[in-house]
Amino acid sequence: MRTIETIGEMQNSALSIRTEGQSIGLVPTMGAFHEGHLSLMRAARAENDRVIVSLFVNPVQFSPNEDLDRYPRNLGRDIELAQGEGVDILFVPAVEEIYPKGFCTQVTVTGLSDRLCGENRPGHFQGVATVVAKLFHIILPHRAYFGLKDYQQSVVIRRMVEDLNFNLEIITLPTVREPDSLAMSSRNAYLSQEERTAARCLKESLDLAVQQIEGGERNAGALRSSIRERIGREKEVAIDYVSIADPETLQEVSTLTGEVVIALAVRIGETRLIDNQLVIP
Ligand code: PAF
């Protein structure tokens with residue numbers, strides 16, 4: 001596996017792979033790999049001639065009060081794990097490489113970026129869309145792989161790809177879970193043992209809502225209330241939002257008439273966690 005740090009070298013390599021007629025699968029990441037990242041790498045390995053993983057902790061998608069400084073970083077371990085999955089190139093640019101002095105362009109996917117996580121994390125999806133657009137230009141992938149754990153992110157990126165005519169396919173893969181049902185996330189490492197136990201309420205409340213939908217409940221307000229009630233039993237958990245929304249527009253629904261995404265964000269101590277579930281009533 002090659003490690004590349006500069007945009008020039010990455011772009012040249014991507015261009016020569018394309019010139020050889022080979023396909024490129026990109027897995028964009030911020031490192032601290034877990035099984036969720038590895039599942040994306042495996043899918044990319046199975047479907048493309050070359051697999052490129054980008055590892056860049058993108059400062060512009062963190063608000064000033066967020067965890068940029070303490071975001072887990074372990075390059076040595078990530079290199080070993082990526083190598084183990086047969087990744088061809090690990091692209092690890094420095095912050096100044098991606099955002100040189102004078103950088104002032106932003107990609108904004110309006111509307112979709114302001115809902116759900118966008119309400120509590122202003123500027124987050126602009127930061128994501130901007131870096132992902134840059135990665136797509138630099139790495140020229142045929143396919144790019146994202147986890148459904150970050151459901152809103154995948155919707156924002158799909159919209160950007162369509163609106164800006166990126167010639168590539170977005171592939172989303174299911175959330176990978178820990179044995180205790182917690183969605184895998186680099187941020188799980190921040191949780192104490194008690195917080196980790198309390199965090200089970202995310203998946204439990206999603207499962208409860210699914211059961212109620214299967215039992216015939218179609219009133220989104222009633223479903224939101226029962227999710228809030230289940231999470232509210234955990235004293236250390238504060239709800240950011242409970243959303244039952246259209247899976248494409250992310251607009252809240254009042255009655256379930258077709259597929260919805262149930263999406264949650266909570267804070268446990270200093271840690272913000274999200275989870276979601278797509279449901280067809
Ligand atoms: O999902 C992530 O890890 C990041 O948001 C991404 C897509 C790599 C952009 O920084």
Side-chain angles (χ1 to χ4, degrees), residues 4 7 10 24-41 43-44 51-63 66-75 77-78 81-82 85 87 89-95 97-99 103 105-109 112-113 116-118 120-139 141 143-161 164 166 168-176 183-190 263 265 271-276:
I4 296 182
I7 291 174
M10 186 64 256
I24 300 175
L26 166 66
V27 183
T29 79
M30 298 206 299
F33 296 156
H34 50 65
E35 197 52 39
H37 297 111
L38 303 187
S39 72
L40 302 179
M41 293 179 207
V51 177
I52 302 178
V53 172
S54 63
L55 192 172
F56 179 66
V57 182
N58 178 32
V60 305
Q61 70 186 73
F62 290 79
S63 300
E66 290 185 337
D67 57 342
L68 174 62
D69 291 340
R70 67 173 187 141
Y71 196 83
R73 290 165 172 89
N74 192 340
L75 183 59
R77 179 177 173 274
D78 285 349
L81 288 169
E85 297 303 334
V87 170
I89 298 175
L90 188 67
F91 177 50
V92 199
V95 173
E97 184 73 5
I98 295 292
Y99 301 116
F103 184 91
T105 300
Q106 303 293 340
V107 178
T108 307
V109 180
L112 290 175
S113 298
L116 311 183
C117 288
N120 294 293
R121 305 187 73 191
H124 169 69
F125 289 110
Q126 190 176 53
V128 170
T130 302
V131 80
V132 171
K134 282 180 68 90
L135 291 170
F136 287 171
H137 284 306
I138 296 164
I139 297 170
R143 300 181 189 85
Y145 295 79
F146 296 88
L148 278 173
K149 205 268 286 174
D150 295 297
Y151 183 79
Q152 184 174 10
Q153 170 171 281
S154 72
V155 173
V156 167
I157 291 169
R158 275 188 199 283
R159 188 75 251 167
M160 177 188 78
V161 163
L164 298 185
F166 281 99
L168 57 89
E169 194 183 345
I170 297 294
I171 294 172
T172 49
L173 292 183
T175 302
V176 178
M184 284 201 184
S185 161
S186 308
R187 292 188 167 102
N188 291 351
Y190 301 152
T271 309
R272 187 172 186 278
L273 297 177
I274 56 173
D275 205 343
N276 70 79

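Each ligand, and each atom within it, is numbered from 1 in the order the structure gives.
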- [ ] For T130 and G127, indicate whether the former's side chain and the latter's backbone hold a donor-acceptor pair under 3.5 Å.
- [x] no
Open item on the list: Show the atoms of ligand 1 that are less than 4.0 angstrom away from any heavy atom in P28.
Closed with: 8 (C)
- [ ] Could I get the full list of side chain to side chain contact (heavy atoms under 4.5 Å, CB included) partners for I171, not counting sequence neighbours?
- [x] E47, R143, Y145, E169, L173
Task: Distance filter under 4.0 Å to Q61 heavy atoms, resulting ligand 1 atoms - done: 4 (C), 5 (O), 9 (C), 10 (O)
- [ ] Please list, chain by chain and in numerical order, all residues satisfying side chain to side chain contact (heavy atoms under 4.5 Å, CB included) with P72, sequence neighbours excluded.
- [x] A32, S186, Y190
Task: Residue portion contacting ligand 1 (non-hydrogen atoms closer than 4.0 Å) for T29 - done: backbone
- [ ] Would you check if the side chain of N58 reaches a backbone N or O of M30 as a donor-acceptor pair within less than 3.5 Å?
- [x] no
Task: For V131, the ligand 1 atoms whose distance to one of its heavy atoms is below 4.0 Å - done: 9 (C), 10 (O)
- [ ] Look at atom 1 (O) of ligand 1 and say which protein heavy atom is nearest, naming residue and atom and giving the distance to 0.1 Å.
- [x] Q153 NE2, 2.8 Å
- [ ] Examine distances only and state if a side-chain atom of H37 and a backbone atom of H34 form a donor-acceptor pair shorter than 3.5 Å.
- [x] yes
